[in-house]
There are 2 protein chains.
Amino acid sequence: MAEAPPIRLDGETRIFPILGHPIGQVKSPAALTAIMAERGFNGLVVPLHILPQALDGWLGQAAAMRNVDGIVITVPHKAAALAHCARVSARGRAAGAVNILIREGDGWAGDATDGQGCLDAVAAAGFDVAGKSALLVGAGGAGSAIAWEILARGASDLALHDVDTARRDALIARLSADFPGRVRAGSPDPRGFALVANATPLGMRPDDPLPVQVQHLTPDQMVSDVVTRPAVPALIAAARERGCRTATGTAMFDAQAVLLAEMLMGLRRID
Amino acid sequence: MAEAPPIRLDGETRIFPILGHPIGQVKSPAALTAIMAERGFNGLVVPLHILPQALDGWLGQAAAMRNVDGIVITVPHKAAALAHCARVSARGRAAGAVNILIREGDGWAGDATDGQGCLDAVAAAGFDVAGKSALLVGAGGAGSAIAWEILARGASDLALHDVDTARRDALIARLSADFPGRVRAGSPDPRGFALVANATPLGMRPDDPLPVQVQHLTPDQMVSDVVTRPAVPALIAAARERGCRTATGTAMFDAQAVLLAEMLMGLRRID
């Protein structure tokens with residue numbers, strides 16, 4: 001960020017809160033604001049620490065802030081924010097959660113961009129999922145969004161693995177409504193998949209088990225991970241050792257930051 | 001502001017909204033944020049455009065934003081914000097309005113700093129009002145705060161002039177409760193007063209009448225004005241021509257910005 005243009009701050013600045021609990025860890029305010037500044041847009045992404053029990057009250061009056069055109073939603077508010085949307089994208093409905101609200105009149109349109117961020121990072125690493133098979137580990141919020149996006153971008157089939165089999169099966173059922181016959185239960189065995197994606201937090205702690213059996217990875221495979229800390233988690237390190245192409249959580253964050261900033265600036269519409 | 005340190009923006013940044021309608025004209029976000037940055041404080045003063053009918057709803061949930069320790073209030077919300085204070089300074093009660101809220105637990109303490117800003121600017125110009133007589137024109141929100149401060153800083157007596165005589169008399173009655181026998185009705189004639197202060201918007205437009213009879217000003221007098229645009233309004237220009245010391249609205253804004261920033265940073269308590 002050191003080379004970024006200085007942040008503008010005056011009465012005309014458009015304000016975009018990011019809501020989270022806790023909030024100290026968020027990197028989006030600086031990242032998204034820097035993208036806006038680079039584009040010559042007078043906007044500021046501002047962290048707001050909102051407790052879960054206060055979210056409904058806060059969002060209920062958010063449209064009254066007339067210089068707020070969009071709101072970024074992070075952990076743990078993504079599912080609860082869905083109820084405040086007058087309109088939700090297919091991605092948001094599939095994820096059961098939204099991470100961005102964009103003003104439409106006096107209401108909000110909601111979208112879930114985790115899947116796009118992940119697949120944009122995968123695409124930037126030179127991999128096109130269309131027509132290929134994929135394994136995804138993790139059927140939570142991020143996993144749901146990534147699964148939907150893998151299928152929406154034309155994967156031939158998707159295997160889902162989650163230790164919580166009820167959560168896995170519920171996601172398979174939701175996805176099958178939009179993409180019949182292309183989703184099934186999987187396992188940690190990555191053999192035979194062109195794309196192997198981790199959407200669990202496994203890898204954040206040094207003693208975490210690996211999300212997939214990395215000894216079976218082969219150089220023709222693409223491996224992606226949502227974990228951002230450490231920058232190179234064990235799965236990515238193992239995949240690189242075995243010659244795979246990789247897309248890290250940081251690459252996903254960067255791709256998503258561009259997407260979110262463009263949506264907040266009104267350059268991309270929620271469809 | 002060009003020499004100011006760069007604005008910090010991360011998850012730890014303390015956020016201080018400034019509420020107004022309209023909001024495009026406010027200079028406080030940049031001015032107060034720059035003071036914070038100069039002091040090494042990670043804070044950001046953010047403009048929020050709140051419609052009058054939305055103010056109560058917004059302030060009603062404001063304490064839920066856990067990284068918001070203070071709120072700056074500007075036109076037209078100063079009087080309405082008073083009702084949201086769990087505690088109000090004597091200055092705020094006298095003004096019937098507050099321009100800053102500071103978090104105290106789950107509630108807000110309110111203060112009115114317009115008077116302090118004006119009198120700090122007057123003091124910075126080398127004038128001590130203690131023991132001296134003053135004329136103040138304008139009994140509105142800013143005038144009320146300035147009148148209280150003139151008396152609180154020990155002026156021997158204060159004459160108040162306002163074309164709205166009912167408003168003038170109501171303010172005289174309020175002030176007399178705190179400062180009995182030291183306030184009376186005045187006129188636009190400045191003769192005999194050590195301090196001559198304008199708290200009306202007269203001077204913002206080129207064809208405005210002057211708030212006092214400037215032909216009677218003498219070099220021993222101190223003249224202050226709340227008008228910030230133009231930077232040198234007609235009253236200040238005439239006073240300078242006649243050899244008076246002066247304190248402009250811009251000097252008052254600058255003095256008040258330091259005061260507000262120090263309150264937001266927790267360096268000054270509302271008493």
Side-chain angles (χ1 to χ4, degrees), chain A residues 1-34 36-37 42-69 72 74-75 77 103 106, chain B residues 1-34 36-37 42-69 72 74-75 77 103 106:
Chain A
M1 297 304 147
E3 307 80 6
I7 294 169
R8 282 177 66 180
L9 180 54
D10 56 46
E12 303 288 351
T13 304
R14 306 308 288 180
I15 303 299
F16 305 99
I18 170 168
L19 312 185
H21 168 68
I23 198 71
Q25 79 292 352
V26 295
K27 300 197 180 308
S28 299
L32 273 61
T33 300
M36 292 178 179
N42 184 4
L44 200 59
V45 178
V46 172
L48 279 188
H49 183 188
I50 304 280
L51 298 177
Q53 62 270 30
L55 183 75
D56 285 336
W58 196 91
L59 279 177
Q61 56 68 51
M65 296 179 288
R66 305 307 298 183
N67 59 341
V68 171
D69 305 317
V72 180
T74 189
V75 178
H77 300 314
R103 180 189 291 275
D106 281 334
Chain B
M1 296 303 148
E3 307 80 7
I7 294 170
R8 282 177 66 179
L9 179 56
D10 56 46
E12 303 288 350
T13 304
R14 305 308 288 180
I15 304 299
F16 305 99
I18 169 168
L19 312 185
H21 168 68
I23 199 71
Q25 79 292 351
V26 295
K27 300 197 181 306
S28 299
L32 273 62
T33 300
M36 291 177 178
N42 184 4
L44 200 59
V45 178
V46 172
L48 279 188
H49 183 189
I50 304 280
L51 299 177
Q53 62 268 30
L55 183 75
D56 285 336
W58 196 90
L59 280 176
Q61 55 69 51
M65 296 179 288
R66 304 308 298 184
N67 60 341
V68 171
D69 306 317
V72 179
T74 188
V75 177
H77 300 314
R103 179 189 293 274
D106 281 333

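We name chains A, B, ... by the order of the sequence lines, and we start the count at 1 in each one.
Proximity to chain A is limited to the side chain of B/Ile15, based on heavy atoms less than 4.5 angstrom apart. Both the backbone and the side chain of A/Ile23 come within contact range of chain B, with heavy atoms under 4.5 Å apart.
Going from atom CD of A/Gln61 over to atom CG of B/Leu59 covers 9.5 Å, rounded to the nearest 0.5 Å. How far CZ of B/Arg66 is from CD1 of A/Ile50: 10.0 Å, rounded to the nearest 0.5 Å. Interatomic distance, NE2 of B/His49 versus OG1 of A/Thr13, reported as 14.0 Å (0.5 Å rounding).
Interface check for chain B: of the options A/Val46, A/Leu48, A/Ile7, the most heavy-atom pairs under 4.5 Å are formed by A/Leu48. Considering only heavy-atom pairs separated by less than 4.5 Å from chain B, the leading option among A/Ala62, A/Ala54, A/Ala63, A/Pro29 is A/Pro29. Ranked by heavy-atom pairs under 4.5 Å with chain B, the first of A/Leu19, A/Leu51, A/Leu55, A/Val68 is A/Leu51.
Checking B/Leu32, B/Leu44, B/Leu9 one by one against A/Leu9, the side chain to side chain contact (heavy atoms under 4.5 Å, CB included) holds for a single residue, B/Leu44.
At least one donor-acceptor pair closer than 3.5 Å links the side chain of A/Asn67 to the backbone N or O of B/Pro47.
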CA sep, side-chain torsions, deciding dist, call: B/Asp10, A/Lys27, side-chain contact (heavy atoms from CB on, under 4.5 Å): CA-CA 6 Å; B/Asp10 56 46; A/Lys27 300 197 180 308; over 6 Å; no
